Amino acid sequence: MTDTSTTTAPAVRLVGIGKRFPGVIANDDVNIEVARGSIHAIVGENGAGKSTLMKILYGVQKPDAGTVEIDGAQVDLSSPADAIKAGVGMVFQHFMLADNLTVLENVVLGAERLHGIGAKAREEILRISDAYGLDIRPDQLVEALGVGDRQRVEILKVLYRGARTIILDEPTAVLVPQEVDELFGNLRELKSEGLAVIFISHKLDEVLSVADVVTVMRRGTTVDTVDPSSVNAHQLAELMVGSELPSPSTESSTVTDEVLISVNHLTLPSPDGRPLVDDVSFTIHRGEVLGIAGVEGNGQSELVEAIMGMLPRATGVVEVDGRDVSGLSTRHRREAGIGYIPADRHRHGLLLDAPLWENRVLGHQTRTPAAKGIFIDKGASRADTERIIEEYDVRTPGPDVLARALSGGNQQKLIVGREMSGDPILLIAAHPTRGVDVGAQAAIWDHIKDARRLGLAVLLISADLDELIGLSDRIQVILRGRLVGEFDPGHVTPEQLGSAMTGAGDKA
Amino acid sequence: MTPRMTRVLLSVAAPVLALVAAFAITSAVLLVAGDPAGEVWATILSWPEPRNLVNIVNSATVLYLSGLAVAVGFRMNLFNIGVDGQYRIAAFVAAVVAGEAWLPGPLNAVLAILAAILVGAAWAGIAGLLRATRGVSEVISTIMLNFISTSIVAYSLRQVAVREEGSNIIGTKPIPESSRIPGFSISSEVSTDVYGFLLIAVLAGVGYWVALNRTRFGFDLRATGQSQTAAVASGVNVKKMTVTAMLVSGGLAGLVGLPILFGNAYSYGSTFQSGLGFAGIAIALLGRNHPIGIALGALLFAFLDEQSNPLQILVDVSPDIVKITQGIIVLTVVISYEVVRRYGQRLEQRQVAQALESSDNTKAEVRA
Ligand SMILES: Nc1ncnc2c1ncn2[C@@H]1O[C@H](COP(=O)(O)OP(=O)(O)OP(=O)(O)O)[C@@H](O)[C@H]1O
Ligand SMILES: [Mg+2]
C-alpha cells in the first residue's frame, strides 16, 4: 500500500475500555489494536465480554471508561449511526433482513440518501458484490435465500454504507462447513482490499484457519493476543477457559430395540406448492440419538415445530412411547415428556424481560416444581433455577436477573438445563450448543450422554458436523424437506455429509 | 442507604416527578390563557371536605374497576378500548335484572352482578373471538362495539323504560330497597355514604394480583404478552388465551357501572354516567398495570375531578382544566418512569464500581 497513513494508524484501537452492568463487570481494562487489512478474531468463554465490547465499538452501548480510536482519530460513539459514519459496521448474529423485500430493497433501506433506490443503487450493489466476490443478485427476494446468502447480504449492507471495519458476532454459528469456507473466502477478499475484519467465534479451528491475529478475552479483560500460527486449538482453549479441548465421541452404544418415537408420513404443505416437510418418516429407539444433518432452511425447523405440535397444518402421525400424540396440543406433548431446545432462543426459548426463574417455569407451567395446583410455585422454581445455574454453569448473579442480561451462551445453557429437567423421554435439540464456549459445549454433551444412558431418546439437529458425528447413533440427511439418506456416524466423514446435504452426492 | 431503601425511593420518585411536571405544564397553560394559576391550584389542592372525600372515594371505586379491566388486556398486549361499551351494556342488563326482582333481597343483587359480569365478558369476548379466528385488531372491533353497545342500550331502554314522574328522563325499573348494596358512613356530618361496592372493588384488585402473579393462568397470560412465539413454544394456546383475556377484561368491565347502580342511581337511565372506560385506559397506564398503582391513579383522577368542581364559581375557570392535567399526567408518567429507570441503572453501576474498587482481591481475580 502506498498511503502510509493507513498502514501506520490501526483501524481500531480500544484503550482501557470498561463497562459494568449491575452485579457484573462485562469489560474491564480491555485493550485491543486491529490493523488495517487483517482479520482479527476474538475468542473467550461465554460471558467473557466479547459482545459487549463489540457493541461498544458499534455505538450500541457506551463504555464507562476508556477510549475508542478509529483510523487514528479518537471518536465518541453514541449510536450505530455514529459508528457507521466513522466507517464501522456490524453484522449481528440474528440477521435483520425483511423477508418479503428484495435484496436491493433490503440493502438501500435506511440508506436511501447514498445512491438513491434505483439504477445507481443497483450499480453500486453489483460493484461491491463483484469487488469482494459476494455473488449477490439484487432482485432476488430475501425469503428465497439460504442462511449463507443472507449473511452475504448483511455484509453487503454494511459495505454499502461505507464500512471500512466490519464486525461479525459469531457469524459461523449458523453455517454448515461449505458455507463457512465461502464466508472465509469473502473475508479474505475484504482483507486484501484493505478492510479490517473483527470476528467472534467459539469454533477454534475456524479461528486458527482464517485469523491473522487472535485476542483472547477472559472475565471481561483481554488476557493475551496471539499469532494463530504459534498456537493450536488446545492451547487456545486453555488460554480461554484453562481446560482441555473436548472431543465428542460416542462411547459404547446405549441404543435399545424399544421404539420410543415414531414419526410417519409427516408432511407440512406450503401455500406455493412444494411441501416444506415432505413425507418424513423415522423412528428413534430408547437410548438413541438420531442426528439430522442439513443446510439451514431445508425444513429442519418446520420438522421440529411439527413434532412439537406448533404447526396445525402439518399432517401425519407422531407416536411417543406407543401413544399417538398427533392430535395433542403443544402443552400436552410437552407433558407427555418431550423436551424442546429451539433453534432460535430469542424467539422461541426465552422471555427476555422476565427473571431467570420465570424462564425456568416457561414450558413447564403445568408440572412440578414449577406448578402447584393452579398456582406457580415461585419458591420451588427459584430453587430449581439455582440448581440449573449450578449444574450447567450459567454465569449470572442469581435467579432474579432478567434473561436479557445474560450473554448469549449463558442463555443457551439455561435453556438446555431447563429442557433436561423433569426427565424428558424425548429431547428435541436444535443446535443445543450454538453459541456456547468449548468448555460448556463439552459439559452439555456430557449431560445429553448421561441422559441417553438412562434411556433418553434425542432428535438432534445441528449445523456443527463434529457435534452430529460425535453424539449421534444414526444420521439422516434432510434436503428440501425430505430425508434423503442415512449415514453411520462411525464411518462417515464431514465431507461426505457435506456433499449429501447440498445434494451434490445425489445420484438419483 | 440500603439498596432496598434506594429502590423504594426511586419507585416513588417517578410518579412524583411526573406530577410536578404535569402541574408545571398545566400552570403554563393557565398563565398563557390569562387565568389565575395560583388560585386554581389553591382551590384544587385544598384539603377536601368530608362530603368531597366521600365523593372522591366513590368515583375512585368506579375508576379503579375500569383501570383493572383495561390492565388485564395490557398485560397481554391487548388494547381493550371497549370497556366503555362493555360496562354500559352490562350495567343496563344488571339494572333490568335487579329491577325485575325475580329473586328476593340480596340474592337479587348477586344475580344482577353475575349478569353484568357475563354480559361484559360476552361483549368483550366478541372482540376476542374476532381477533383469534379472523385476526381482526381488537382496537378496531372494540371501538365499533362501543357504538353498537350505545345504540342497543338506547334502543332497549325505550322498550323497557318507565318514565319518572314529572320528568323527561327515562330509566329502568328502580331496584327494590332490599336489593341495594348499603354503603357505610364515614362521618356523621355527611349524608352521602361510601359505596358498599368499595369492598368488591378491593376484592377484585386482590383477585387481579393473585390471578396474574401467582397462578398458571396469569403466567401464561403474561408470557403471551411478552413474547407470543415463546409462549407458543412453551405450550400456550394463544388463540384461547386471547379470548380468555378478553373475557376476563370484559367481566371486570361489567362491574364498572355497578357501584353507581347499586349505591346511588338504583336504575339505569338515559343520564347514566358514560366515558368511564376511557378514563380507565389512562389510569391503567398511570398505575403501570399494578393493582396498587391503579388504585392510586384512580384516587388521583377522582380527586382532581372532585376538586375542580367549584372552580367555575370560585375563580371563574372551567373545570375542564383538570382534563388537561389528567392527559398531561399520562404523558409525563411514561417519560418520568423511563428517566428514573435510567438514573437507577447508573446509580447501581456506580455502586458496583465502588464495591469493586474497595476490594482489591476481586480486581486481582478479574485480571487473573
Ligand atoms: N444488558 C445487560 N445487562 C446486564 N448485564 C449484561 C448485559 N449485557 C451483558 N451483560 C453481562 O455482561 C457479561 C458479558 O456479556 P457478553 O454478552 O459481552 O458476553 P460474551 O463474551 O459475548 O458471551 P457469549 O460467548 O456467551 O456470547 C455477561 O456476564 C452478561 O451477563
Ligand atoms: Mg456474545
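So you know, we letter chains A, B, ... as the sequences are listed, proteins then strands, and number each from 1. Just so we're clear, the structure is a prediction, and the values are computed from it rather than from any experiment.
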- About how many Å separate OG of B:S227 and NE2 of A:H348, when rounded to the nearest 0.5 Å? 8.0 Å
- More than 12 non-hydrogen atoms from neighbouring residues, nucleotides or ligands closer than 6.0 Å to CG on B:L199, yes or no? yes
- Bottom line for A:T222: the part with an atom under 4.5 Å from chain B's heavy atoms is neither
- CZ/B:F217: more than 12 non-hydrogen atoms of other groups inside 6.0 Å: yes
- Would you say the side chain of A:Q365 lies within less than 4.5 Å of the side chain of B:D220, judging by non-hydrogen atoms? yes
- Item | Expected output: side-chain A:R334 to main-chain B:A233 donor-acceptor under 3.5 Å | yes
- Query: If you tally heavy-atom pairs under 4.5 Å against chain B, which of A:L352, A:T366, A:D353 wins?
  - Reply: A:T366
- Task: Search all heavy atoms of B:T229 against all heavy atoms of A:R347 and return the closest pair with its distance.
- Result: OG1-O, 2.5 Å
- Note on the structure: Here the pair of heavy atoms bringing A:T330 nearest to B:V232 is CG2-O, 3.7 Å
- Item | Point-to-point distance, once rounded to the nearest 0.5 Å, from CZ of B:R214 to NZ of A:K378 | 5.5 Å
- Message: Among A:N359, A:L351, A:L362, exactly one meets side chain to side chain contact (heavy atoms under 4.5 Å, CB included) together with B:S234. Which residue is that?
- Response: A:L362
- For A:I376 and B:T215 the tightest heavy-atom approach is CG1-O, 3.5 Å
- Task: Taking the side chain as every heavy atom from C-beta outward, state whether B:F219 and A:V361 have any pair of such atoms under 4.5 Å apart.
- Result: yes
- Answer whether the closest heavy-atom distance between the side chains of B:V236 and A:R331 falls below 4.5 Å. yes
- Note on the structure: One option among A:M308, A:E305, A:E358 has the most heavy-atom pairs under 4.5 Å with chain B, and it is A:E358
- Give, as side chain, backbone, both or neither, the part of A:E335 having an atom under 4.5 angstrom from any heavy atom of chain B. neither
- Check each atom of A:L350 against the heavy atoms of chain B and say whether the ones under 4.5 Å are side chain, backbone, both or neither. backbone
- Note on the structure: chain B shares the most heavy-atom pairs under 4.5 Å, among A:P342, A:S329, A:G363, A:A370, with A:G363
- Item | Salt-bridge criterion met for A:D377 and B:R216 (N-O under 4.0 Å) | no
